[in-house]
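Heavy atoms only: backbone and side chains are in, while hydrogens, waters and symmetry mates are out.
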Amino acid sequence: GSGRQSLARLSSSILEYSVFQIEITRHYRQQEFREDLRRLYFQAGVENKPTVFLFNDTQVVMESFLEDINNILSSGEVPNLYKPDEFEEVRSALAGEATKAGVLDLPDQMFAFLVERVRNNLHIVLCMSPVGEPFRNRLRQYPGLVNCTTIDWFTEWPKEALLEVAERYLEDVKLGDGKAGAEDEGKEMRLSLASIFVTMHRSVSEASKRMLSEMKRHNYVTPTSYLELVSGYKSLLEEKRKELGDAATKLRNGLLKLDETREKVQNMSVELEEKTKQVTQFQKECEDYLVILVGQKRDADEQKKTVAARSEKTAEDEKRCKSIADNAQKELDEAIPALEAATEALKSLNKGDMTEIRSYGTPPPLVERVMDAVMILK
């Protein structure tokens, strides 16, 4: 902000004072604040260390914190800060110093001795912004914040301070296009940006003064507002750079994809042309094969008809052959008995019968016929 806490710490360090500051947590409430006050009182009152209690408006978790601080500023006492058993520890630690100072070892006198030492060693520094209604209400509700303090007003930063702070804030910001001579260009851009920030801040301050004189309305323009302006620019610049970087990356990736797609399309076009030629050739071959298949089918049909006609003729011949075979079998069946009878008769022939036939000069007709038949069979 405007440097209130930094200046308080610097002055404390110069005077060799210890700085005491509470640490706000999620569950920090009145009980934890009282515990910190007891530690503060022990450090300033018992250990007798010059101490600065640094407190800012962002640490006001509960309004009762300000009530205790108001009591410390007004009288140095915080009502009900110690329970009897807790004060015994402080009392024991202060016994030696109290004896040296001639203080009686009584609870009331020991507590007054503790408060006196605290008042001598403790300095309270309240770092608060005067902007807004809460500050006015707190001053009216806790008058010790005004009556028992010395108010150090932090005036506006001069132009030189605003310019230097802006340049310091922009030191880590990379400006320029990154080419040769970009460093000098970046310095010039930083100086120009810092001048713009100063002009904006001072113009708003002048407009606020004019609004106060014309409309009787306050508009506070603090150094914190100036720091927020510079920090906001840095955050916005980083955000936009990231946004543009992401967009450029997407565009670059898209162009790469388009190039890859174009190359693939070209390769596919070449392959398609080759495949088209192959398909045309295959189609022509198929047409030739189709002509051949049609001719072969025609020949097959003719052969089928011929085979069918032959099959019919063969069937007829088969019927006729079967009829002849049946007739031959019938005649054979009729001839077999005669054959068997002839075979029996042949078995009855002997040498004498043959000699008798040979002795015939002119055989009888029947014998001659039989012999003719024998010769035919032979």
task = May I have the step-by-step check of side chain to side chain contact (heavy atoms under 4.5 Å, CB included) for F87 and L81, ending in yes or no?
result = CA-CA 9 Å; F87 186 69; L81 179 61; over 6 Å; no
query = Where do V46 and L114 land on the side chain to side chain contact (heavy atoms under 4.5 Å, CB included) test, with the steps shown first?
reply = CA-CA 7 Å; V46 178; L114 171 67; 4.1 Å; yes
Would you compute the distance between atom [atom1] of [X] and atom [atom2] of [Y] and round it to the nearest 0.5 angstrom?
X    : Y    : atom1 : atom2 : answer
M200 : S205 : CE    : OG    : 11.5 Å
L40  : I22  : CG    : CD1   : 10.5 Å
S195 : K159 : OG    : NZ    : 7.0 Å

request  = Go through H123 and Y17 one step at a time and tell me if the ring-ring contact (aromatic ring centres under 6.0 Å, His included) criterion holds.
outcome  = CA-CA 9 Å; H123 296 267; Y17 279 25; 5.1 Å; yes
key: Cluster overlap V19 with F33, hydrophobic side-chain contacts below 4.5 Å   =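 Hydrophobic grouping puts V19 apart from F33.
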message = Within the supplied structure, the quantity of interest is the number of heavy atoms (other residues, nucleotides, ligands) at a distance under 6.0 Å from K234 NZ; does it exceed 12?
response =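 Yes, because the 6.0 Å sphere around NZ of K234 holds more than 12 heavy atoms from other groups.
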task = Give every residue pair that meets the side chain to side chain donor-acceptor pair (under 3.5 Å) criterion with at least one member in residues 125-141, sequence neighbours excluded.
result =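 Of all non-adjacent pairs touching residues 125-141, those that pass side chain to side chain donor-acceptor pair (under 3.5 Å) are E63-R138, E133-R136, R136-Y220, N137-R140.
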May I ask you to say whether [X] pairs ionically with [Y], meaning some side-chain N is under 4.0 Å from a carboxylate O?
X    : Y    : value
E86  : K83  : no
R241 : E238 : no
D333 : K330 : no
K242 : E239 : no

request  = For residues Y82 and Y41, determine if any side-chain heavy atom of one lies less than 4.5 Å from a side-chain heavy atom of the other.
outcome  =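 With C-beta onward as the side chain, the pair touches.
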For residues 300-307, tabulate all N or O donor-acceptor pairs below 3.5 Å that involve a side-chain atom, not counting sequence neighbours.
| residue | atom | partner | partner atom | Å |
| --- | --- | --- | --- | --- |
| T306 | OG1 | E302 | O | 3.0 |

ask   = Would you call the rings of F65 and F55 parallel, tilted or perpendicular, where under 30° means parallel and over 60° means perpendicular?
value =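 The rings of F65 and F55 stand perpendicular, inter-plane angle above 60°.
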request  = Could you identify which residues cluster with L251, counting Ile, Leu, Val, Met, Phe, Trp and Tyr as linked when any side-chain heavy atoms lie under 4.5 Å apart, either directly or through a chain of such contacts?
outcome  =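 Members besides L251, by chain and number: L255, L258.
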